[in-house]
Amino acid sequence: MEPICEDKTMLATDNLRYTKIPLNNGSGAIPALGFGTLIPDPIATRIATKAALEAGFRQLDASERYRNEKEVGEAIQDVFKAGKIKREEVFIATKVWNNNHRPERVKPAFEASLKRLQLDYVDLYLIHTPFAFQPGDEQDPRDTNGSVIYDKGVTLLDTWKALERLVDEGKCKAIGLSDVSLGQVQDIFEAARIKPAVVHVESHPYLPQWDLLDYCRKNGIVFQAFAALGHSSEPNLLEDPVITTIAKRVKKTPAQVLLAWAIQRGTALLTTSKTPSRIKENFEVSTLPVDAMREIREGIKSQVRFNAVVETGIPGFIPRGK
Ligand SMILES: NC(=O)c1ccc[n+]([C@@H]2O[C@H](COP(=O)([O-])OP(=O)(O)OC[C@H]3O[C@@H](n4cnc5c(N)ncnc54)[C@H](OP(=O)(O)O)[C@@H]3O)[C@@H](O)[C@H]2O)c1
């Protein structure tokens, strides 16, 4: 998708925040602007999830690994019960974690997530990472040296086939992959009976992943960018001079510039905040002018991957022991 605003300033209001991207399977389309629930504190999770829905977000991302699906579910149900938003208006995703990759463990893990979220179905179920860990209840199995214990007895395709069966059973509308390389997406895409609807990977101007985006576009897969603001990690993308200069010019915040950029280049995205004022700010995006899109693509040279899980198999961002 190319930027559509020729003006030098950002439009004060437009429909960019309501952008939806068609899906090859499932619930029709995914709202591009999404809210992630990787929030360690349970009370903050509940407050933030409710604030996100009230601010206008209609795409939520959860995971059994975040250990807060219960609070996400409570927040969603609070909002549904208030009567202003209906279940079918919100696109809800969750993910199966590495200790549940064995096919016989997938359905119980999925049903436990549904129960904690208090839902009858999810719009999207993702394999959280392509790395299978020792099967069992321990999410972070380690040997006596502190090294992760992997499971060599199951392939990503085995786990994928178990997800396909969940789609057949109707409680999961679409399925996808997370933290994968282009090669892994190609392998699953070629072998799959039900193609991945979404590929969920770290992406922002320091890690644009244009090759993967191009592959996804050509094959009808939605590219979903997590850490769209760079996860507040250093080097801080929100302080990058290219971004702050554009933000001043278009009279928006650096966060709004980054989120608009992600939508305008055709991706769905996930951003997270436990701060209600920032949650509102992050929904108030509008279209960037063409020159700003070009400046971000051509002017930012830094390449930074903040979450090394794709390369190392060792999960980042989630503190150990949780
Ligand atoms: N599959 C995976 O491996 C994986 C990995 C990471 C994330 N994810 C998903 O993607 C979601 C988003 O990732 P992320 O948490 O890295 O998102 P992010 O939006 O890039 O970073 C979140 C950080 O930015 C800060 N922030 C948010 N809005 C801001 C604003 N307007 N101005 C300044 N700072 C702001 C937040 O601070 P406060 O909270 O203090 O406001 C928080 O520290 C996660 O919740 C999760 O659902 C998936």
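In each ligand, atom 1 is the first atom listed, and ligand 1 is the first ligand listed. What you see below is based on every heavy atom in this structure, not just the backbone, and it leaves out hydrogens, waters and symmetry mates.
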Under 4.0 Å between a Lys/Arg side-chain N and an Asp/Glu carboxylate O for [X] and [Y]?
X      : Y      : answer
Asp240 : Lys301 : no
Lys115 : Asp120 : no
Glu69  : Arg116 : yes

Checklist outcome for this item: Distance col, row Ile175:CD1 vs Lys195:NZ, nearest 0.5 angstrom, shows 10.5 Å
Checklist entry - What about His200 and Phe226, are their ring centers closer than 6.0 Å? => result yes
Checklist entry - When you look for protein heavy atoms under 4.0 Å from ligand 1, which residues do they belong to? => result Gly36, Thr37, Leu38, Asp61, Tyr66, His128, Ser178, Asp179, His200, Phe226, Ala227, Ala228, Leu229, Gly230, His231, Ser232, Leu238, Ala255, Leu270, Thr271, Thr272, Ser273, Lys274, Thr275, Arg278, Glu281, Asn282, Asn307, Phe317
Checklist entry - Under the side chain to side chain contact (heavy atoms under 4.5 Å, CB included) test, which residues partner Lys50, sequence neighbours left out? => result Glu54, Ala75, Asp78, Val79
